[in-house]
K.L.:
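Okay, handing you the structure first.
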There are 4 protein chains.
Amino acid sequence: MTSVTNRNVTTKTACAIAQAAVDHAGNLGIAINVSVVDSSATEIAFLRMNNAFLPSMGIAKDKAYTAAGFGFPTMGWKDILDGNQQLQAGMVERPRVVTFGGGVPIFEGDILVGAVGVSGGSEEEDIACAQAGIDTVFG
Amino acid sequence: MTSVTNRNVTTKTACAIAQAAVDHAGNLGIAINVSVVDSSATEIAFLRMNNAFLPSMGIAKDKAYTAAGFGFPTMGWKDILDGNQQLQAGMVERPRVVTFGGGVPIFEGDILVGAVGVSGGSEEEDIACAQAGIDTVFG
Amino acid sequence: MTSVTNRNVTTKTACAIAQAAVDHAGNLGIAINVSVVDSSATEIAFLRMNNAFLPSMGIAKDKAYTAAGFGFPTMGWKDILDGNQQLQAGMVERPRVVTFGGGVPIFEGDILVGAVGVSGGSEEEDIACAQAGIDTVFG
Amino acid sequence: MTSVTNRNVTTKTACAIAQAAVDHAGNLGIAINVSVVDSSATEIAFLRMNNAFLPSMGIAKDKAYTAAGFGFPTMGWKDILDGNQQLQAGMVERPRVVTFGGGVPIFEGDILVGAVGVSGGSEEEDIACAQAGIDTVFG
């Protein structure tokens, strides 16, 4: 065996996820940025709601990168880092790694095919928008 | 007068433009990256077709930045730079400035509201995809 | 609806704000850098007092970016981040995001039209200079 | 002798130069970005006219840097580089070095005290705005 196979969200799927996340944010009355990446953390779709926080653009993209890169929700870092000060300080410093909620991996069955990152609301709202996006396709 | 007014593409408009550009690329049998920015060159929508050239992601984003920043198609640089060697050499080196075709400004009437940047095909194909995107909303 | 409308400080307004902030700093006997950006966080005016701290140039610009990008004073981050260690660590690391005082948004009525960032004095002095700048136009 | 003395434009002078350059641009019917730096190429004043070309912000700042750094107008590079292909290719590649017109050094008597960089119009218009700025103080 000389190669491995990766599975990745299509452009159409990524766009549908981003649009559903934006629709959910609209229902919550908030403005978000949402990025959808494939399993190699390459951006496939991005949407920004007018007047969403500007610095949140990069945060959304980095949450998607982190969730795709580690394969678990960025919210999961809380438990890992609590009580390990060296790891906490070190991970937070890593470029593009986000250790608070709003990045959620996308699984097709049990295969990682990408991730969604949302930023613009509270951690809970960001997570809800990301999940609404995923559920519209894989729910 | 303490302020001026700017107009910017909505998220829905930007997403429709990006999707129409992708559809046009599909019809041409090519794979593109497309970025849609507002009049301040802030990215509002981005779509990447699976297997489009990876370095073309940044080229698409920078074409959109250049077209929004100068207010004319990036193809227009050809005539401006021909015969002015210093300016030509200098502009090509500017960060994020792209001086070949594929970035097209979006006008609502005669007001600049954003720009589209496409990269992945030939200059002619990239321009055609960008224009197809704009035409789907403003045509 | 294919576009939204944004309002932005004029060059004349931004310059008057920067000059008034510098005058206030002179009265306080301190030397500051002051940056005024529009609602898209694009710099419209910058002034540096001779011998003001050099690294404060970037801090002033980033405070203006942060205040315009989030729409509230950078001083407001204190309450948001207290008690949320992951978010605190993460926000502090974000490029260009400043989570201490001296960045103040500019509102015309209830519309965000830009922001001022001041650095060179204490947090209280920086905020006072930024506010003096805004008050000279919108007070 | 353990130290040397440098002379630099004051904040008030730099601001007056930038404002006069902007006024001249207004008379010409163009929109510019203008940066004024001191003799160490540190930015002292910057003004951006609303809707001036966005990429010209960095070009204006870099023209001021280049003119202060070399002590002659950026337009002077044309004659130096013509016919020396290696030097031309090399200088154009240098970060922040601009080899076309619009950067003009500021002299007080025969002492370099700073430089102005203008971008937004043609080379001739940019130079005229920079010179109008300098003339308002030193003319």
Side-chain angles (χ1 to χ4, degrees), chain A residues 5-27 30-61 64-65 68 106 108 113-120 129 133, chain B residues 5-27 30-61 64-65 68 106 108 113-120 129 133:
Chain A
T5 297
N6 289 101
R7 227 183 288 169
N8 289 303
V9 284
T10 61
T11 311
K12 196 179 281 289
T13 295
C15 187
I17 290 173
Q19 287 179 304
V22 163
D23 286 346
H24 193 75
N27 292 341
I30 61 171
I32 61 162
N33 302 276
V34 53
S35 176
V36 182
V37 301
D38 68 14
S39 67
S40 72
T42 302
E43 191 170 65
I44 304 298
F46 172 79
L47 286 178
R48 167 175 167 74
M49 293 171 77
N50 301 101
N51 303 322
F53 300 143
L54 270 174
S56 291
M57 294 179 68
I59 299 174
K61 289 167 190 271
Y65 165 82
I106 308 170
E108 189 180 56
V113 295
V116 191
V118 172
S119 185
C129 291
Chain B
T5 297
N6 288 100
R7 229 183 286 168
N8 290 304
V9 283
T10 61
T11 311
K12 196 178 280 292
T13 296
C15 187
I17 289 173
Q19 287 178 304
V22 162
D23 287 346
H24 192 76
N27 292 342
I30 61 172
I32 62 163
N33 302 275
V34 53
S35 175
V36 182
V37 301
D38 68 14
S39 68
S40 72
T42 302
E43 191 170 66
I44 304 297
F46 172 79
L47 286 177
R48 167 176 167 73
M49 293 171 77
N50 303 100
N51 302 321
F53 301 142
L54 271 173
S56 290
M57 294 179 68
I59 299 174
K61 290 168 190 270
Y65 163 80
I106 307 170
E108 190 181 53
V113 295
V116 191
V118 171
S119 187
C129 292

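Just so it is clear: chains get the letters A, B, ... in the order the sequence lines come, proteins before strands, and each one is counted from 1.
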K.L.:
When only heavy atoms count and the cut-off is under 4.5 Å, which of residues 6-22 of chain A reach chain B?
P.N.:
A:Val9, A:Thr10, A:Thr11, A:Cys15, A:Gln19
K.L.:
Which residues pass the ring pair (Phe, Tyr, Trp, His ring centres under 6.0 Å) test with A:Phe53, sequence neighbours left out?
P.N.:
C:Phe70
K.L.:
I need the contact set between residues 33-44 of chain A and chain B: heavy-atom distance under 4.5 Å, sorted by residue number.
P.N.:
A:Thr42, A:Glu43, A:Ile44
K.L.:
Which atoms of B:Met49 are under 4.5 Å from chain A, going by heavy atoms: the side chain, the backbone, both sets, or neither?
P.N.:
both
K.L.:
Taking salt bridge (charged side-chain N to carboxylate O under 4.0 Å, His left out) as the cut-off, I'd like each qualifying pair that reaches into residues 18-27 of chain A, sequence neighbours left out, listed once.
P.N.:
none
